[in-house]
Every structure is written in C-alpha cells, then in structure tokens.
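Everything below concerns the one structure shown next.
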2 protein chains.
Amino acid sequence: MSLINLSVDCVILGFDDDQKLKILLIKKVINKKGDIQYAIPGDLLDNDEDLLSGAKRILKNLTSLNNLYLKQFKAFGDPFRTKDVKDQSWLNMYRKNPKERVVTVGYLSLVKMEDYVPQASSFALDAEWIDLDKIPEDLAFDHNEIISSGLRYLRTQLDHKIISNLLPSKFTLSQLQYIYEILLDEKLDKRNFRKNISKISVIKKTKEKQEGVAHKPAYLYTYEKEKL
Amino acid sequence: MSLINLSVDCVILGFDDDQKLKILLIKKVINKKGDIQYAIPGDLLDNDEDLLSGAKRILKNLTSLNNLYLKQFKAFGDPFRTKDVKDQSWLNMYRKNPKERVVTVGYLSLVKMEDYVPQASSFALDAEWIDLDKIPEDLAFDHNEIISSGLRYLRTQLDHKIISNLLPSKFTLSQLQYIYEILLDEKLDKRNFRKNISKISVIKKTKEKQEGVAHKPAYLYTYEKEKL
DNA sequence: TCAAAAGTGTTGCATCTACACCCATGG
DNA sequence: CCATGGGTGTAGATGCAACACTTTTGA
C-alpha cells in the first residue's frame with residue numbers, strides 16, 4: 001500500500017539589517033530536556049490541501065510570514081530521510097506515526113526585510129535568521145540537502161521576478177548588485193552592472209535618495225511590479 | 001491526518017522512424033465495456049521506495065523501458081486532480097481507495113529510438129507513440145497539464161545531458177540540430193550550429209560515416225557519456 | 001546526370017569586459 | 001578634512017548573426 005505522509009519544507013531567504021543574505025531557520029525542542037535543533041520551516045500537509053496552499057499555511061503558522069512568492073523546486077522522497085537517529089526523539093514527541101515515511105516537497109521563498117521584523121513574541125523564540133555561510137550542519141532530517149538544492153535552483157533560475165522579492169520596495173543599485181553577487185557567487189563590475197540594469201525596463205529610478213548615510217547618498221530604485 | 005497516495009507519472013519523449021518528436025502514451029481500459037483512455041505511464045509508489053526508483057520500476061512495468069535518464073520536474077498536488085467525473089470509472093476498477101487523493105511527482109524521460117521498438121507483444125497493445133501535436137485533450141487526470149509542464153521544463157532546461165538521451169549512440173550533426181530545432185521551436189543556421197558544437201568538448205567526431213544514403217554521407221558523432 | 005543532404009569561412013555588428021577618478025555626505 | 005560608498009565613459013576584445021557554394025553519394 002502506498003499511503004505516505006506528505007509535508008512541505010520551505011527555504012526562506014531574506015536580507016537582514018546588516019545587509020547579509022540570510023536563511024530563516026526555526027528552533028525545535030527535540031526532547032524533554034529542552035535540547036534544540038534547527039530546521040527549515042515545514043510541516044505535514046492537511047488533507048485536501050493543495051501543495052502551495054499548504055506551504056503558505058505552514059509558513060504563516062510557523063513564521064507569521066504572509067503573501068510570499070513561493071516556488072516549488074523539488075520533491076524529496078528518500079524513504080530513509082526521516083530515519084536518522086538524531087531525528088527520532090523529535091518525531092516521537094510530535095508525530096502520531098513517527099516511524100512512517102515522509103515525502104516532502106521543497107518550496108523556495110524570498111522575503112523582503114521590511115516584511116518581516118523579528119519581534120520579542122513567542123515566535124521570536126522559535127525562529128532565527130542565520131547567515132548563509134553559518135548554517136549548522138546537523139539540521140533536522142535532510143534539511144541541509146534541501147537548502148543546497150533550493151539555492152542551486154535559485155542560482156540557475158535567477159531573474160528579476162525572483163530577486164524583486166528579496167529587496168525592499170525602494171532599494172539602491174548597490175543592494176541589487178550585492179544580491180546578484182551573493183547568488184551568483186562572483187564579483188561584478190559596478191559600471192557594467194549598472195549599464196545592464198539601465199536596460200531593464202521594469203527597474204525605475206525614483207527621485208528619492210538614501211538619508212543618513214556617511215557618504216554620498218544613493219538614488220533609490222524600484223521595480224514596476226505590475227510589469228514583472 | 002495527512003496520509004496521502006503518492007504516485008509518479010512520466011513524460012517520455014522519443015524519436016520515431018519518421019523523425020518526429022513523439023510522446024509515449026499508454027492505453028487504459030476504463031470500464032467493463034472495454035472503453036479506453038490515454039494516459040502517460042505512471043502508478044502508485046511502493047512503500048519504502050525512493051521516488052526515482054519508483055519511476056524506474058513503474059516505467060519498466062508499463063513499457064519495458066529500462067536504463068533511462070529520468071529527471072524529476074514537478075510535483076502535482078491539487079486535491080481534486082483525480083476527482084474529474086471522467087476518471088472515476090477507472091479508479092473504481094483498479095484502485096483500492098478510489099476516492100482518496102493522489103499527489104503525483106512528474107518525471108521527464110527521453111529515449112533513443114534504438115532502445116525501444118514497439119513489438120506485437122502484449123505491451124504493444126498498451127502503449128503507443130503519439131505525435132506531440134496530436135495528443136488527445138482528454139488524457140486521464142491532469143496528464144495534459146503534466147505533459148505541458150514537462151515540455152516547458154525541457155525547453156527551458158535544454159542541455160546536452162538531456163539531449164544525449166534522445167539520440168542513438170552515433171548520430172549526425174543534422175540529427176542533433178534537428179532535435180534542437182524541434183525543442184527550441186526555431187530554425188538554426190547550419191554553419192553557426194556546427195561552430196558551436198565544435199566547442200562542446202563532450203561531443204566527438206568518429207571516423208565512421210553514414211551508409212546507404214542517397215547523398216553525401218555524414219560523419220557520425222558521439223557523446224562522451226562519462227563526461228556529461 | 002540529377003536530387004539530396006553534407007560540409008565549410010568571412011565580415012559586419014552588437015555585446016561584453018576591463019579599467020580609474022571625482023562626488024556628496026556624516027562624523 | 002577624512003572616510004565611505006556613489007556615480008560615471010571608453011576602447012579593445014569577443015561573440016553572434018547572416019550569408020552561398022562545392023562535395024559526395026544512390027538512384
């Protein structure tokens with residue numbers, strides 16, 4: 001018989017205040033001693049729930065994030081993906097059928113800083129932005145692999161529709177260039193980058209400038225969302 | 001509760017003798033009167049079976065195709081995807097739990113002509129190569145949508161690792177160009193195409209030529225598979 | 001000898017890359 | 001007045017598109 005637990009797991013990227021690309025991880029209490037483990041946000045799908053709807057619901061529950069760009073990138077179906085010893089304690093605590101296999105569908109989502117400010121709420125205890133290069137190597141289940149796969153997907157599918165979801169509604173060209181450099185993992189030439197951007201019709205210069213910076217203030221740009 | 005039936009469905013493309021790109025569909029007897037319906041090959045996943053292994057097993061069962069390049073491209077989780085009236089008769093005949101939801105994972109696979117010659121076997125009654133532009137519009141479940149999605153994936157992800165699976169082990173550059181033209185849906189310039197190919201290190205010219213053709217015989221080329 | 005597909009180079013144009021200095025601001 | 005990042009143009013190299021004729025074979 002082939003009844004299987006199905007879940008969704010979300011790779012969520014965002015900019016933090018210090019202008020570094022980060023991933024949102026949740027903390028899970030994995031035993032009665034209160035030990036914790038990091039994981040990406042995800043949970044079992046409800047009956048009669050569409051994959052995308054489920055991803056949105058779960059993300060909202062776990063992180064209060066809402067209205068995201070969410071892109072399915074891959075299903076993970078290794079029958080042993082939840083069988084690692086390190087994961088059994090948590091499964092036993094929270095799952096009705098901890099021994100049963102779980103297939104998961106990975107979603108990628110990108111959030112603007114301005115959409116999500118961690119608060120001193122109950123939630124703030126449960127989730128944390130982590131630098132991309134400081135992801136713990138012992139995340140729950142196969143979450144490290146899911147993250148790698150999501151990032152690889154992002155790098156190969158890079159476009160403005162995706163990028164625009166990472167940036168605040170007004171941004172400087174340096175911020176934009178920074179995101180490209182992180183995602184492509186290479187330095188870009190400032191002048192060439194700006195020449196290319198000027199060809200992209202959905203990115204418009206505004207008349208506003210940065211304020212309060214100790215250098216020449218940059219003009220702010222914006223995406224014409226309706227044209228993306 | 002979230003126990004869900006999980007299946008895999010395969011979009012299989014190949015070249016037929018008349019050099020047209022075709023898709024392999026299976027015929028399903030959908031009621032006791034013997035009415036048939038077309039579908040892409042797919043079935044429920046076994047317990048403790050990896051997605052890819054399942055896709056291979058099912059494909060072998062249904063089509064005797066073996067040793068394929070198989071690429072997962074998308075999961076389809078609409079809770080109503082098997083609820084259409086047209087699909088109930090078959091579900092009632094063959095499924096233990098016809099009312100239960102089925103989430104499916106789509107795999108794309110491309111086969112060489114030489115690997116699969118339809119025979120007058122029991123199988124030949126069950127499967128058929130259909131021209132891409134002659135796919136019935138009333139395939140089982142959401143299979144029309146799965147095919148569209150698979151083709152879109154193929155066109156946007158076009159690379160030699162994929163293409164090499166459509167061609168015989170020795171092929172002419174015209175055959176290669178023809179495949180690109182079909183998949184990209186545009187004419188390519190012969191000289192420019194050949195210039196580009198010559199830069200691709202995994203494609204090697206052999207010393208063999210076509211035989212028995214009523215024109216200048218073409219040199220045969222081959223992929224260095226181990227480098228793909 | 002004819003038909004059919006194979007094979008082959010060059011040129012102009014567009015695109016990309018590399019590169020260095022002055023400017024506006026806050027501290 | 002200093003440190004910081006913002007902003008700008010050009011020249012040379014590279015890559016891409018367009019284009020037509022000769023060759024080899026089987027019939």
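Values below: every heavy atom of this structure, side chains too, minus hydrogens, waters and symmetry copies. Lettering follows sequence order; numbering is per chain, from 1.
Nucleic acid contact class of A/K209 (heavy atoms, under 4.0 Å, all strands): none.
Along DNA chain D, the stretch of nucleotides lying under 4.0 Å from any heavy atom of chain A spans, 5' to 3', D/dA3 to D/dT10.
Put simply, NZ on A/K199 is 7 Å from C1' on C/dT15, counting in whole angstrom units.
Take A/F171 and apply the ring-ring contact (aromatic ring centres under 6.0 Å, His included) test, not counting sequence neighbours, and it matches A/Y223. The ring-ring contact (aromatic ring centres under 6.0 Å, His included) test applied to B/H215 returns no partner, not counting sequence neighbours. Remark: B/E186 pairs with B/L184, B/L188 by the side chain to side chain contact (heavy atoms under 4.5 Å, CB included) rule, at least two apart or across chains.
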Please test B/I12 against B/W129 for side chain to side chain contact (heavy atoms under 4.5 Å, CB included), starting from the C-alpha separation and ending with a verdict. CA-CA 9 Å; B/I12 309 178; B/W129 287 107; 4.3 Å; yes
In B/S/- notation, 5' to 3', how is nucleotides 4-10 of chain C contacted by protein heavy atoms closer than 4.0 Å? BBBBBBB
For residues 196-205 of chain A, which side-chain donor-acceptor pairs fall under 3.5 Å, sequence neighbours excluded?
residue	atom	partner	partner atom	Å
A/N196	ND2	A/N192	O	3.3
A/S198	OG	A/K195	O	2.6

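The aromatic rings of A/Y180 and A/H160 lie tilted to each other, with the angle between the two planes from 30° to 60°.
In summary, the side chains of A/Q175 and A/Y221 do not present any donor paired with an acceptor at a separation below 3.5 Å, with no hydrogens or angles considered.
The closest donor-acceptor contact from the side chain of A/T104 to the backbone of A/F76 lies at 3.5 Å or more, if one exists at all.
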